[in-house]
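Pasting a structure here, questions to come.
Throughout, numbering of the chain's residues begins at 1 and tracks the sequence. The figures that follow rest on heavy atoms only: side chains count, while hydrogens, waters and symmetry mates do not. Remember, it's a predicted structure, so these values are computed and weren't measured experimentally.
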Amino acid sequence: MNIPFSPPFIDQAVIDEVVDTLQTNWITSGPKVKALESEILTLTGSEAAVCVNSWTSGAIMMLKWYGIGEGDEVIVPAYSYCATALCVLHCGANPVMVDILDDCTIDPEKVKSKITEKTKAIIAVDIAGLPCMYNELNALVNDPDVKAQFVPGSGRQALLGRILLIADAAHSIGSYYDDVPAARKSDVTIFSFHAVKNITTAEGGCICLNLPACFDNQEEYKFLKLFSMNGQNRDAFAKSKGANWKYDILFKGFKMNMPDICAAIGLAQLRKYKNTLLPLRKIVYLKYCNSFDGYNWFIKPVMKDDHRESSYHLFPLRIKGITEAQRDQIIEEMVNRGVVVNVHFIPMPMLTYFKSIGYDIDNYPNSYKQYACEISLPIYPQLSNLEIDFIIESVIASVRLVVGIKELVKVSS
Ligand SMILES: *Cc1c(COP(=O)(O)O)cnc(C)c1O
């Protein structure tokens, strides 16, 4: 068998939506992007949704929107994809990394210990789709002592009067927190629609706004649309409708808009996400858990607790007591059997660039610990029962081979 890690979901509806875009003769930002934004509003209950050409673009845009730059600090977890810190560096600011909890989300206590008068934002990463501890993080940014320390450096910073809470929701579209869509629990939530994510537009992303009442989310939406298109007051779609040739550039914008041809892919997927695609992911998660539950080496990934439910983006299998080298061997065994797996994530302080600018993994022991024994298994709607069973058998056989038969005690079934 040959089982890919995370192929995009492309059915006839996706193909039809893309072909429809091609046949309208309008392929860049226009009605499909609008329709996608409207689907995202419905799913997330957000105040506004702005589609962009990647998560990374969206994050750079929002840090700039908040006036973050030279000398500022943004707190991020060490355990994430590089983009979570690179967006901060691209703004000239300093990513302050902190360690994670055992569920792999950012540790609010560690965040608290790193807040200074330079802290302007926190980027919390919903790893594998599990929302971070948003009640604790919101309490922290709204804490009177923390607010008293805040030194506004821009108009928007003065208006909010506190640290901005940004969710890196690259994994977590469709996740829940306290019975509301998790996006509602932060000021700014950014999704990724990269090819491997739950919803994809090949490349793309979306910024959801849920700013408090001191902001007009609709005005900020209008601003961000312009901000993502060179600050140009009349977009190409409007100009294509007749004698609207005259335009102006109002401010120094970016070019980060999403094209309709890409939006079409995500639009068709999103229409069946909540009722079909997301439940199918959960079924795969439950099958894995049922099969591995009796094994004493199995560390079950947290996907649901009293407050939160994940979007089941990853199945981060963790194996009790193994070394990093054993983990790598198990992966090799799996790949030899035809199952493509992955590791989420190599902590940023272990990557060459981040080491070169002074980050050291020794300062993030839990990030290393969670990384060293982790193997991400395939989890997506198209997986057949036959494939799921094959993956389960491959895991059990590979662990047995590498860790040894003695360790393999099935307690119950
Ligand atoms: C994929 C990913 C990103 C980056 O998304 P892009 O759309 O590729 O920019 C950021 N953060 C996390 C946690 C991711 O997994």
Set of side-chain contact (heavy atoms from CB on, under 4.5 Å) partners for Ile10, sequence neighbours left out: Pro8, Val14, Ile15, Ile265
Sub-3.5 Å donor-acceptor pair from the side chain of Gln269 to the main-chain atoms of Thr200, do we have one?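 At least one qualifying donor-acceptor pair exists.
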As a test of understanding, state which of Asn198, Thr276, Leu277, Leu278 forms a side chain to side chain contact (heavy atoms under 4.5 Å, CB included) with Pro381.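 That would be Leu277.
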Excluding sequence neighbours, so at least two apart, what forms ring pair (Phe, Tyr, Trp, His ring centres under 6.0 Å) with His171?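 So His171 forms a ring pair (Phe, Tyr, Trp, His ring centres under 6.0 Å) with His313, Phe345.
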Any side-chain donor paired with an acceptor under 3.5 Å for Asn366 and Tyr371?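 No, because no side-chain N or O of Asn366 sits under 3.5 Å from a partner of the opposite role on Tyr371.
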Once salt bridge (charged side-chain N to carboxylate O under 4.0 Å, His left out) is applied, what residue pairs with a partner in residues 135-154 remain, sequence neighbours excluded?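 Listed once each, the pairs would be none.
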Once side chain to side chain donor-acceptor pair (under 3.5 Å) is applied, what residue pairs with a partner in residues 342-360 remain, sequence neighbours excluded?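 Side chain to side chain donor-acceptor pair (under 3.5 Å) check on residues 342-360 returns His344-Ser376.
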Is there any ring-ring contact (aromatic ring centres under 6.0 Å, His included) pair reaching into residues 26-54, and which pairs are they, with sequence neighbours excluded? Trp26-Phe237
Residue pairs, two or more places apart or on separate chains, that pass salt bridge (charged side-chain N to carboxylate O under 4.0 Å, His left out) and touch residues 153-173: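 Found Arg156-Glu220, Arg162-Asp187.
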Would you mind listing every side chain to side chain donor-acceptor pair (under 3.5 Å) that reaches into residues 71-80, with sequence neighbours excluded? Asp72-Lys120, Glu73-Thr116, Tyr79-Arg318, Ser80-Thr84
Once ring pair (Phe, Tyr, Trp, His ring centres under 6.0 Å) is applied, do any residues pair with Phe315, and if so which ones, sequence neighbours excluded? Tyr285, Tyr288
Tell me, which pairs form a ring-ring contact (aromatic ring centres under 6.0 Å, His included) where one or both residues lie in residues 253-281, sequence neighbours left out?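 Output for this query lists Phe227-Phe254.
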Is the backbone N or O of Glu387 less than 3.5 Å from a side-chain atom of Ser384, with the two atoms forming a donor-acceptor pair by type?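 Between the backbone of Glu387 and the side chain of Ser384 there is a qualifying donor-acceptor contact (under 3.5 Å).
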Within the supplied structure, the quantity of interest is the number of heavy atoms (other residues, nucleotides, ligands) at a distance under 6.0 Å from Asn336 CG; does it exceed 12? yes
Does any N or O in the side chain of Arg234 come within less than 3.5 Å of the main-chain N or O of Lys246, such that one atom is a donor and the other an acceptor? yes
Partner set under ring pair (Phe, Tyr, Trp, His ring centres under 6.0 Å) for His307, not counting sequence neighbours: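 Tyr177.
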Do other residues, nucleotides or ligands put more than 12 heavy atoms under 6.0 Å from Glu70 CD? no
For atom CG of Leu211, is the number of surrounding heavy atoms from other residues, nucleotides or ligands below 6.0 Å larger than 12?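 Atom CG in Leu211 is packed in, count exceeds 12.
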Over 12 non-hydrogen atoms of neighbours within 6.0 angstrom of CD1 in Ile27: no
Would you compute the distance between atom CD of Glu332 and atom CD1 of Ile330 and round it to the nearest 0.5 angstrom?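 Separation between the atoms: 11.5 Å.
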Applying side-chain contact (heavy atoms from CB on, under 4.5 Å), run through Ile3 and Phe390 and close with a yes or a no. CA-CA 9 Å; Ile3 305 176; Phe390 186 79; 3.8 Å; yes
Are any side-chain N or O atoms of Asn142 and backbone N or O atoms of Asn138, one a donor and one an acceptor, separated by less than 3.5 Å?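 Yes; judged by distance alone, with no hydrogens or angles, the pair exists.
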When you look at Leu224 and Val52, which way does the side-chain contact (heavy atoms from CB on, under 4.5 Å) test go after all the steps? CA-CA 10 Å; Leu224 289 168; Val52 285; over 6 Å; no
Given Val302, which of Leu101, Asp102, Leu130 fulfils the side chain to side chain contact (heavy atoms under 4.5 Å, CB included) condition? Leu130
Are side-chain N/O atoms of Tyr368 and Glu324 paired as donor and acceptor at under 3.5 Å? yes
With ring centroids as reference points, do Phe292 and Trp297 lie under 6.0 angstrom apart? yes
Between the main-chain N or O of Met334 and the side-chain N or O of Ser394, is there a donor-acceptor pair closer than 3.5 Å? no
Between Thr201 (side chain only) and Cys262 (backbone N and O only), is there a donor and an acceptor less than 3.5 Å apart? no
Indicate, with yes or no, if the rings of Phe251 and Phe223 have centres closer together than 6.0 Å. yes
Write out all pairs satisfying salt bridge (charged side-chain N to carboxylate O under 4.0 Å, His left out) with one or both partners inside residues 271-283, taking only residues at least two apart or from two chains.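 Every pair satisfying salt bridge (charged side-chain N to carboxylate O under 4.0 Å, His left out) with a residue in residues 271-283: Asp11-Lys272, Glu17-Arg271, Lys282-Glu309.
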Considering all heavy atoms of both residues, which atom of Leu137 and which atom of Cys132 are nearest to each other, and what is their separation? CD1-CB, 4.0 Å
For Glu47, does its backbone N or O pair with a side-chain atom of Asn210 as donor and acceptor, under 3.5 Å?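 At least one qualifying donor-acceptor pair exists.
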Without swapping roles, check the side chain of Ser6 against the backbone of Val196 for a donor-acceptor pair under 3.5 Å.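 Yes, Ser6 side chain to Val196 backbone: donor-acceptor pair under 3.5 Å.
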Apply side-chain contact (heavy atoms from CB on, under 4.5 Å) to Val339 and Met1, showing your working. CA-CA 8 Å; Val339 181; Met1 241 188 248; over 6 Å; no
Where at least one partner belongs to residues 247-256, residue pairs that pass side chain to side chain donor-acceptor pair (under 3.5 Å), sequence neighbours excluded: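 Matches after skipping sequence neighbours: Lys255-Asn257.
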